[in-house]
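All heavy atoms count here, side chains included; hydrogens, waters and symmetry mates do not. We number each residue from 1, following the sequence as shown.
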Amino acid sequence: RYVLFAIAAPNAVFPLILGGGIGLAIVGIGASLSVDGEPAGTTFFLGSLGGFLTVCAASWVIWRRSIGDEGTASQDRAS
């Protein structure tokens with residue numbers, strides 16, 4: 001069980017890092033496109049929304065992959 005946690009921990013952090021990167025990229029692009037050179041409230045909202053959706057999508061993909069891996073691991077143990 002402890003080995004499984006050590007393997008799963010980096011997978012759990014990956015969606016958060018990815019979502020943060022997407023959110024910052026959206027805010028950065030929004031700030032560079034702004035006339036004032038500063039991001040507006042809408043830009044922060046879109047960055048937050050994009051980051052949140054990225055975290056949800058990446059977590060779902062990792063969750064689906066882990067379900068598939070558990071099925072193969074239980075088949076290997078049965079053999």
Below 3.5 Å, can you tabulate the donor-acceptor pairs from side chains in residues 45-60 to any protein atom, sequence neighbours excluded?
{"from": "Ser48", "atom 1": "OG", "to": "Phe44", "atom 2": "O", "distance (Å)": "3.0"}
{"from": "Thr54", "atom 1": "OG1", "to": "Gly50", "atom 2": "O", "distance (Å)": "2.7"}
{"from": "Ser59", "atom 1": "OG", "to": "Val55", "atom 2": "O", "distance (Å)": "2.8"}

**OP:** Following the transitive rule for hydrophobic clusters with a side-chain heavy-atom cut-off under 4.5 Å over Ile, Leu, Val, Met, Phe, Trp and Tyr, establish whether Ile22 and Leu24 coincide in one cluster.
**Re:** no

Original post:
Transitive ILVMFWY cluster of Val35 at side-chain heavy atoms under 4.5 Å: who else is in it?
Top reply: none

Subject >> Linked hydrophobic residues, Ile29 as query - side chain contacts closer than 4.5 Å >> reply: Leu33

